[in-house]
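Please read the structure below before turning to the comments.
Per chain, numbering begins at 1; letters A, B, ... match sequence-line order.
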Protein chains: 2
Amino acid sequence: MGVSVTVDQIVGVVRSHGKRVTQPKRAVAQVLIDSEGHLTAEEISLRVVTHLDDVSPSTVYRILEEFEELGLCEHTHTGHGAAVYHLVGGGHAHVTCNVCGGTWQVPTEYFSNLATRLRGTLGFELNPHHVALAGLCHNCATRSL
Amino acid sequence: MGVSVTVDQIVGVVRSHGKRVTQPKRAVAQVLIDSEGHLTAEEISLRVVTHLDDVSPSTVYRILEEFEELGLCEHTHTGHGAAVYHLVGGGHAHVTCNVCGGTWQVPTEYFSNLATRLRGTLGFELNPHHVALAGLCHNCATRSL
DNA sequence: CTGCCTGCAAAGCGTTTGCAGTTCA
DNA sequence: TGAACTGCAAACGCTTTGCAGGCAG
């Protein structure tokens with residue numbers, strides 16, 4: 001599943017910026033590609049094991065930080081627990097359920113009305129990607145009735 | 001400034017739910033009323049000193065948690081640093097600047113279009129209050145040009 | 001006087017950082 | 001070879017928790 005990007009494309013960007021291409025970086029790139037997004041740094045660490053022996057959490061954080069600086073990746077704060085990381089280019093933001101903790105993708109265009117109003121009144125340029133909106137997902141909403 | 005609520009009203013709710021009314025609770029309530037909202041737990045601790053000798057951070061957290069359970073108060077994750085607390089009833093959500101860290105209030109109605117679309121497609125019930133949206137404030141946006 | 005509430009200190013979680021050793025170019 | 005990268009462990013900021021003592025009811 002996931003995004004139409006290859007590991008070679010990602011490491012190509014890394015190389016073109018004078019950064020080194022290493023095994024851990026390839027493995028993290030592969031995990032991000034294979035995922036649906038919404039992975040925490042710890043989940044990435046765990047999944048990397050299938051591609052490589054092991055990668056320490058601090059290395060995962062440093063690689064994700066580098067990917068973000070290169071515009072390859074973004075992280076989102078969900079409001080409960082660790083931030084989730086995903087490749088850019090999905091054109092989607094996130095919503096998180098306050099009860100079950102699940103996260104869903106939302107098309108960025110859903111935010112256009114809000115973005116326009118924020119720009120008009122506050123001069124504020126919204127970035128819908130950095131923080132996940134909170135609420136109640138369908139399952140938890142119906143269950144709580 | 002602040003909300004049209006009194007300390008007596010707040011402690012009234014506390015008492016009516018069988019909880020005890022204490023000096024620290026009164027002081028935290030007063031700080032929340034006097035504030036514009038957007039206070040972190042630490043800021044609340046510091047401001048409480050003007051009303052009372054001192055209140056430990058853990059007590060502030062426990063009081064805020066109780067106020068939230070009673071529907072008096074809410075906290076918002078801004079995506080950088082500590083959560084901010086504010087009394088409910090403002091009818092506003094928050095946006096935070098990724099650069100300067102400032103927080104601004106936004107009328108809840110700005111979210112109505114987004115909320116409708118989320119409800120229609122995902123069955124998701126948005127709560128705009130729990131997480132602050134991120135972006136670039138007017139000052140930082142113009143400065144970065 | 002009883003038990004909820006507080007303060008302190010320690011632990012917890014997610015994340016960052018310093019440093020010695022390893023690996024890519 | 002040399003600089004960039006990694007792993008480990010310790011530190012960090014924010015928040016929660018355990019426990020002994022204090023205060024509201």
Residue pairs passing the ring-ring contact (aromatic ring centres under 6.0 Å, His included) test where at least one lies in residues 54-76 of chain A, sequence neighbours excluded: A:H75-A:H77, A:H75-A:Y85, A:H75-A:H130

Under the side chain to side chain donor-acceptor pair (under 3.5 Å) test, residues paired with A:T22 that sit two or more places apart: none

Nucleic acid footprint by protein, nucleotides 20-25 of chain D - heavy-atom cut-off 4.0 Å, B for base, S for sugar-phosphate alone: ----BS

Partner residues of B:D8 under the salt bridge (charged side-chain N to carboxylate O under 4.0 Å, His left out) criterion, sequence neighbours left out: B:R26

Pair listing, salt bridge (Lys or Arg N to Asp or Glu O under 4.0 Å) test, anchored in residues 93-108 of chain B, at least two apart: none

Side chain to side chain donor-acceptor pair (under 3.5 Å) partners for B:T78, two or more places apart: none

ILVMFWY cluster membership beyond B:W104 - transitive side-chain contacts under 4.5 angstrom: A:V95, A:W104, A:V106, A:Y110, A:F111, A:L114, A:L118, A:L122, A:F124, A:L126, A:L133, B:V95, B:V106, B:Y110, B:F111, B:L114, B:L118, B:L122, B:F124, B:L126, B:L133

B:H51, NE2 atom: more than 12 neighbouring heavy atoms under 6.0 Å: yes

Rounded distance (Å) that lies between atom C1' of D:dG13 and atom NE2 of A:H77: 13 Å

5' to 3' contact window, DNA chain C with chain A (heavy-atom distance under 4.0 Å): C:dG14 to C:dA25

Partners passing side chain to side chain donor-acceptor pair (under 3.5 Å) against A:E66 (at least two apart in sequence or in another chain): A:K25

Residues within residues 47-71 of chain A bordering DNA chain C, heavy-atom distance below 4.0 Å: A:S58, A:Y61, A:R62

Which residues share a side-chain contact (heavy atoms from CB on, under 4.5 Å) with A:T116, sequence neighbours left out: A:R119

Salt bridge (Lys or Arg N to Asp or Glu O under 4.0 Å) partners of residues 103-117 of chain B, not counting sequence neighbours, each pair once: none

